[in-house]
Student: 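Quick one: this structure, given as structure tokens, is what I'll be asking you about.
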Amino acid sequence: MHDPANGPANAPDAPAGGPAYDFDEERDRHGTWSVQWDGTADRFGVSDLLPFTISDMDFASPPEVLDALRARVDHGVFGYTDWRLGPFREAIADWYATRYDTRVDTGAMVYAPSVLNQLSQLLRMWTRPGDGVVVHTPTYDGFRKAVTGLGRELRGVPVDDLDALERELARPDSRMLLLCSPHNPTGRVWTEAELTDFARLARRHGVPVVSDEIHADLAADGHRHLPWVRIARAGGDRRWAMLTSGTKAFNFPALSGSYGFLGDPDDRAAFVRRMETGEGLASPAVLSLTAHIAAYRHGAAWLDGLRGYVAGTMGMLAERLAEGLPEVTWTPPQAGYLAWIDLRPLGIDETRLQEELVAVEKVAIMPGGTYGTPGFVRLNVGCPRAKAARGVDALIRTARRLHAG
């Protein structure tokens, strides 16, 4: 029997036997206050670029989610809410049981507006200004902003260097190991052996682990995401956190909302107290709860169709890059819709590349320097395939011109 944690068995554009979803439909997002589409001038200095940037998708949320939202809006009353009432926690528990063959303790849950908000709370709880927070490089820029913005020191180690990881964890003022699982921007799905090694080293040096798993539901076929709760439980760890949200996989980040699991009961109580009193966030957004419940109860077929579609798009990228930039070796990521492409073999200056992409091709693609690794680009292909083709072709043309020059 196929393990649902491994994703769809054959990664079709739509799940066999299930409803068909049209991921080729192009929707005009201009004028919707979109960071990706309407906000290019803020980051790139030019408006009206074709964007492949911030990690949201151009696809409409699942129709099952939209139907649930419409029904809730039609009710017409939007009073204060409590995420602990109703089916929110039960929907999450069922999702983990069926998707990941993992039992989660709903009594160990916490809630916050976003994963980064949860991280900020834990940084304040478990570290002090000047303490070190260990991460893998390249590093999601949201981690960098959260950690350094609170006066902590970001300590990066390469994704494949376990010795470097131990050296950083062994430093007496290293107070947290912050994982991105699956990893952003590389799209790497950590193996059970790797996660077990991370836990072992963190345990040895008395450092709590915080695992951001917002990309977990986007693991590609053949790559099995393991929730940190399983690793922590196997090691008998007490102080740890697993943070996530349905907003990434089902594409409703603007509704906000995230949840997490904290291993220590005292930490959970302190976290809830901080949210409800210090932050004044006792009542979550009801439409976020509605969307999460609908996604986890009824969105599996849509998600499997999405993942199959993204796999097809990544295959298209691989073919075009192999033909247009044979000097570059690239394989599709193990999770997600973000293509992390190493252009260093071409010897192209990153600043010149970005200038040409913007001025000549009129496209916006994230530079690797944003994640601490110049020479790469991160191309968001969570979009109709025709748009993704325009983006990769623009990248190839620009790289060829600069390489030839």
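Just so it is clear, the values below take in all heavy atoms, side chains as well, and ignore hydrogens, waters and symmetry mates. Since the structure is predicted, the reported quantities are computational estimates derived from the model, not experimental observations.
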Student: Do the side chain of Lys248 and the main chain of Ser55 share a donor and acceptor less than 3.5 angstrom apart?
Tutor: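 Yes; judged by distance alone, with no hydrogens or angles, the pair exists.
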Student: Quick one: do Arg200 and Asp197 make a salt bridge, cutoff under 4.0 Å?
Tutor: yes
Student: Donor-acceptor pair, distance only, cut-off 3.5 Å: does the side chain of Ser258 make one with the backbone of Ser114?
Tutor: yes
Student: Can you list every side-chain hydrogen bond (donor to acceptor under 3.5 Å, both in side chains) pair that touches residues 357-380, not counting sequence neighbours?
Tutor: Asn184-Arg378, Glu361-Arg397, Glu361-Arg401, Tyr371-Arg378
Student: Under a 4.0 Å N-O cut-off, is there an ion pair linking Arg27 with Glu25?
Tutor: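 Yes, Arg27 and Glu25 are salt-bridged.
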Student: Given side chains that start at C-beta, do those of Leu226 and Arg224 come closer than 4.5 Å, heavy atoms only?
Tutor: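 Counting from C-beta outward, Leu226 and Arg224 do come under 4.5 Å.
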Student: Under a 4.0 Å N-O cut-off, is there an ion pair linking Arg29 with Asp38?
Tutor: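 Here Arg29 does not pair with Asp38 in a salt bridge, since their nearest N and O are not under 4.0 Å apart.
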Student: Please tell me whether Trp190 and His136 form a close aromatic pair, meaning their ring centres lie under 6.0 Å apart.
Tutor: yes
Student: Any carboxylate oxygen within less than 4.0 angstrom of a Lys/Arg side-chain nitrogen, looking at Arg99 and Asp217?
Tutor: no
Student: Are any of the side-chain nitrogens in Arg203 or Asp237 under 4.0 Å away from the carboxylate oxygens of its partner?
Tutor: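 Here Arg203 pairs with Asp237 in a salt bridge, since their nearest N and O are under 4.0 Å apart.
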Student: Examine distances only and state if a side-chain atom of Ser211 and a backbone atom of Leu179 form a donor-acceptor pair shorter than 3.5 Å.
Tutor: no
Student: Determine, for Arg144 against Glu153, whether the closest basic-nitrogen to carboxylate-oxygen distance falls under 4.0 angstrom.
Tutor: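 Looking at Glu153 together with Arg144, the answer is no, because their closest N to O distance does not fall below 4.0 Å.
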Student: Please determine whether a side-chain nitrogen of the Lys or Arg among Arg297 and Glu64 lies less than 4.0 Å from a carboxylate oxygen of the Asp or Glu.
Tutor: no
Student: Does a side-chain N-to-carboxylate-O contact under 4.0 Å join Arg89 and Asp105?
Tutor: no
Student: Please report the closest heavy-atom contact between Trp83 and Met109, naming both atoms and the distance.
Tutor: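 Reported closest heavy-atom pair: CH2-O, 3.4 Å.
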Student: Between Arg307 and Asp221, does any NZ, NE, NH1 or NH2 come within less than 4.0 Å of an OD or OE carboxylate oxygen?
Tutor: no
Student: Main chain of Glu213, side chain of Thr244: is a donor-acceptor contact present, judged purely on distance under 3.5 Å?
Tutor: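 Indeed, once roles are kept as given, a pair shorter than 3.5 Å links the two residues.
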Student: Regarding Glu276 and Arg273, does a basic nitrogen lie under 4.0 Å from an acidic carboxylate oxygen?
Tutor: no
Student: Can you sort out the partners of Glu194 under side-chain hydrogen bond (donor to acceptor under 3.5 Å, both in side chains), two or more places apart, ordered by chain and number?
Tutor: Arg188, Thr191
Student: Strictly distance-based, threshold 3.5 Å: is any side-chain N or O of Thr247 a donor or acceptor partner for the main-chain N or O of Phe252?
Tutor: no
Student: So Trp330 and Leu317, do their side chains get closer than 4.5 Å, heavy atoms only?
Tutor: yes
Student: For Arg152, is there an ion pair with Asp131 - N to carboxylate O distance below 4.0 angstrom?
Tutor: no
Student: Taking Tyr309's backbone N and O only, do any of them form a donor-acceptor pair with Thr313's side chain (distance below 3.5 Å, no angle check)?
Tutor: yes
